[in-house]
Amino acid sequence: MNGFAFDVENRAPGFGFIFCKIVFCKEFKLSKRESEVLALIYLGISVNEISAILCRALSTIYKHLENAKNKLNCDNLVAVGIKLACIIK
């Protein structure tokens, strides 16, 4: 297992399963990074923690969230969470 996957699974158990469900949902054409950020948000990881886990600036994480929100055709992150729940079920 690579270092990234090992680190994320330790910090957010279940990440792999949820990430795969999101990334393989071709309907929304999310990038790998957008899928990673959404999976971590879904698991309750804070944006600050996601920034540290992915070694990206906080502004970059917010940009990935904004892009994902637009691709999912959602007005806010609550709507994103509801849509993710439907994808992951």
Side-chain angles (χ1 to χ4, degrees):
M1 183 180 288
N2 67 34
F4 170 76
F6 180 75
D7 186 44
V8 173
E9 276 296 331
N10 280 339
R11 292 185 185 192
F15 168 81
F17 170 76
I18 292 168
F19 170 72
C20 286
K21 293 286 273 191
I22 295 169
V23 81
F24 289 116
C25 180
K26 300 297 183 194
E27 179 181 350
F28 301 109
K29 297 182 172 90
L30 295 167
S31 72
K32 179 180 177 247
R33 188 65 79 186
E34 291 162 354
S35 298
E36 288 170 343
V37 171
L38 288 179
L40 291 167
I41 289 286
Y42 187 81
L43 290 169
I45 306 299
S46 74
V47 176
N48 287 332
E49 290 176 294
I50 293 170
S51 176
I53 290 169
L54 299 179
C55 300
R56 298 290 180 262
L58 200 53
S59 59
T60 302
I61 301 305
Y62 280 116
K63 187 63 178 171
H64 289 311
L65 282 173
E66 185 66 27
N67 290 341
K69 188 177 77 169
N70 291 334
K71 288 180 182 180
L72 293 170
N73 198 25
C74 293
D75 294 330
N76 55 55
L77 290 179
V78 173
V80 169
I82 292 168
K83 204 162 267 194
L84 286 178
C86 292
I87 292 169
I88 293 166
K89 66 175 178 168

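For reference, positions follow the sequence shown, starting with 1. Everything numeric here is computed off the predicted structure, so don't read it as measured data.
Tested against Glu36, the residues Leu30, Leu54, Ile22 include a single side chain to side chain contact (heavy atoms under 4.5 Å, CB included) partner, Leu54. Of the options Ile61, Leu65, Leu84, Val80, a side chain to side chain contact (heavy atoms under 4.5 Å, CB included) to Ile41 is made by Leu65 and by none of the others. Checked options Leu77, Ile18, Leu72; the residue passing with Leu38 is Leu72 (criterion: side chain to side chain contact (heavy atoms under 4.5 Å, CB included)).
Within a 6.0 Å sphere centred on NZ of Lys83, other residues, nucleotides and ligands contribute more than 12 heavy atoms. Heavy atoms from other residues, nucleotides or ligands lying under 6.0 Å from CG of Asn76 number more than 12.
With rounding to the nearest 0.5 angstrom, the OH atom of Tyr42 is 14.5 Å from the OG atom of Ser35. Atom NE2 of His64 sits about 7.0 Å away from atom CZ of Arg56, to the nearest 0.5 Å. Atom OG of residue Ser46 and atom CG of residue Leu58 lie 9.0 Å apart, to the nearest 0.5 angstrom.
Two residues are said to be in side-chain contact when any heavy atoms from C-beta on lie closer than 4.5 Å; Glu34 and Phe28 fail this criterion. The shortest distance between side-chain heavy atoms of Glu66 and Asn70 falls below 4.5 Å. Between Glu27 and Ile87 the shortest side-chain heavy-atom distance does not fall below 4.5 Å.
Remark: the backbone N or O of Lys29 is paired with a side-chain donor or acceptor of Lys71 at under 3.5 angstrom.
Residues Ile88 and Ile82 do not share a hydrophobic cluster, clusters being chains of Ile/Leu/Val/Met/Phe/Trp/Tyr side chains in contact below 4.5 Å.
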